[in-house]
Amino acid sequence: MSDFLDIDSKLNYRDPPENYNFELGHTLFQTGKFKRSIPYLKKALMENLDKKNYEDYLFCHGLLLHIFTEFSEVEELKKLQQDFERNSQEFSITRNIRLLTTQAYYFMNIDICTEDKNEENNKKAFEILTEALKSALDSYSMYSKGQDPVKDIEAKIDLMNCLYMFIFYYFRNQEYEKCIKDLDNLKILLNYYFNLKEELQLSKSKTDNFQEQKTYSNVLEIVRKNYQYMQRIKLHIKCVEACVEFEYKQDIKKSDKLLQESYEVANKTDNTYFIPYILFYMAANHANQKDLKQADIFLNLAERNADSDRKLFFKTVEIFKNAYGFGKNGNIGNYDIIFNEEEHSIVEKQKGCVNFKNQFILLDILKLFVSNKGSIYSKQDLVQNIWKQEYSPSTHDNKIYVTIKRLRELIEVDINNPKYICRNNRGYYLNEKAKILVK
């Protein structure tokens, strides 16, 4: 009972309601108290199954999937999914689209918790989402004429849920153009959804027809029931949009603005569970702008706002810290360059993050120099090691000159006074005094 009393003011209940476990578990989830929410959500899951309240069952299931993903509890995720599959026969004729998106959500999340990405899971998620979207579009087309307002709003909610899942699928797979297209479509539907509540209430107040009032009430109830979930979707996609603006469009200013808006939305709607990720994205933005001091401040804020059980979050932060050379205490390391071979990137102390994506020759030369710091490589050596060819001055001299210049442009602070890639009368070499950390 103590948990309920802790947040009684948020729920506005004097006595525990009939759906006590669901309401409490959901509120604890939203405020980031994931561990405390688990027993209530598990009880609510079984209560909704017994009542055959499949929509709330799926909602609880989704929250628990999210929590166990954050906790990196692979076995709990698998057990949850096994229970879901065992009960799924009961759902075969009810809300089929929701069932499909729930299954896809599992396959998308199970990969996040494991070290090795399973392409089969990624493929399954895409196939299931494609099937769900087709069904959602069919329903949307069928009911959008307005003859059945209840079916119409249900079809729109299903379509929004499908688009939301696809946005995360495309974002995780770095298919940014497809991600942007679905973001635009989802934002249109969300604007319609959030304006609908006032419109329905106004229409209901203007009619004396009992049947019309009943219809408006039924639609309002569906809107109310899904309102918090839609607020979370709106918050999540704003953060995705911020990341896409930076990573794909290179619009730092717009990305910062969207993240600030996300922070305000999270506080305003009590979705404080997502604040650590927003602060983390802010840190990443500052790091990519080479403002590592400010990035450090946001990282510390992000960590302080997250419970220690959120292993996935802290793992993400740790990977970021290693990539950008932050020490154990959050301070920037003493290295000149952090070279992350797996990510094909470096972090230079003054320039910040430099990505070698699709620049394999430059990456190969850098690897060669870093692996043998101080060793001098003649033009003949470079041609044999990098291009695997016999050296020919007429063929290779200009190629070497251009390639070294491009490498210097990427990693040197001052290309006219190179600090890292040096040259003498015998060839090129990496300055022995440069402090390099290879990840």
Going by atom types only, do Asn271 and Thr269 share a side-chain donor-acceptor pair under 3.5 Å?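 Yes, side-chain donor-acceptor contact under 3.5 Å.
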When you check the side-chain N and O atoms of Glu221 and Asn218, is any donor under 3.5 Å from an acceptor?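 Side chains of Glu221 and Asn218: no pair found under 3.5 Å.
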Mind running side chain to side chain donor-acceptor pair (under 3.5 Å) on Tyr248 and Glu177 for me, showing each step along the way? CA-CA 9 Å; Tyr248 181 63; Glu177 288 187 8; 2.8 Å; yes
When rounded to the nearest 0.5 angstrom, what distance separates [atom1] in [X] from [atom2] in [Y]?
| X | Y | atom1 | atom2 | value |
| --- | --- | --- | --- | --- |
| Tyr170 | Leu163 | OH | CG | 9.5 Å |
| Leu299 | Phe280 | CG | CZ | 7.0 Å |
| Ile110 | Lys78 | CD1 | NZ | 5.5 Å |
| Lys367 | Ile386 | NZ | CD1 | 10.0 Å |

Could you pull out all donor-acceptor pairs under 3.5 Å where a side-chain atom in residues 184-194 meets a protein atom, sequence neighbours excluded?
from	atom 1	to	atom 2	distance (Å)
Asn185	ND2	Lys181	O	3.3
Lys187	NZ	Glu241	OE2	2.8
Asn191	ND2	Lys187	O	3.3
Tyr193	OH	Val223	O	2.5
Tyr193	OH	Tyr227	N	3.3

Yes or no on salt bridge (Lys or Arg N to Asp or Glu O under 4.0 Å) for Asp182 and Lys178, after CA distance, side-chain angles and deciding distance? CA-CA 6 Å; Asp182 281 349; Lys178 293 178 181 178; over 6 Å; no
Ring centroid separation for Phe34 and Phe29, is it under 6.0 angstrom?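 Yes: the rings meet the under 6.0 Å criterion.
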Could you tell me whether Phe22 and Phe59 have their ring centroids closer than 6.0 angstrom?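 Yes; Phe59 has its ring centre under 6.0 Å from that of Phe22.
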Would you list the atom pairs, donor with acceptor, under 3.5 Å between side chains in residues 126-133 and any protein atom, with sequence neighbours excluded?
from	atom 1	to	atom 2	distance (Å)
Thr130	OG1	Phe126	O	2.7

Does a side-chain heavy-atom distance below 4.5 Å link Pro276 with Arg310?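 The answer is yes, as the side chains (C-beta and beyond) meet within the 4.5 Å cut-off.
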Salt-bridge contact Lys419-Asp336 (side-chain N to carboxylate O under 4.0 Å):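 Yes, Lys419 and Asp336 are salt-bridged.
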Closer than 4.0 angstrom, basic N to acidic O: yes or no for Lys156 and Asp152?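 Asp152 and Lys156: salt-bridged.
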What's the shortest heavy-atom distance between [X] and [Y], and which atoms?
| X | Y | value |
| --- | --- | --- |
| Lys204 | Ser217 | NZ-OG, 2.8 Å |
| His344 | Phe360 | CE1-CE2, 4.4 Å |
| Ala136 | Cys162 | CB-SG, 3.9 Å |
| Tyr420 | Glu412 | N-OE2, 2.8 Å |
| Phe314 | Ala306 | CZ-O, 3.8 Å |

Start with the C-alpha distance between Lys124 and Gln103, add both sets of side-chain angles, then the distance that settles side chain to side chain contact (heavy atoms under 4.5 Å, CB included), and finish with yes or no. CA-CA 9 Å; Lys124 281 181 185 176; Gln103 288 174 328; over 6 Å; no
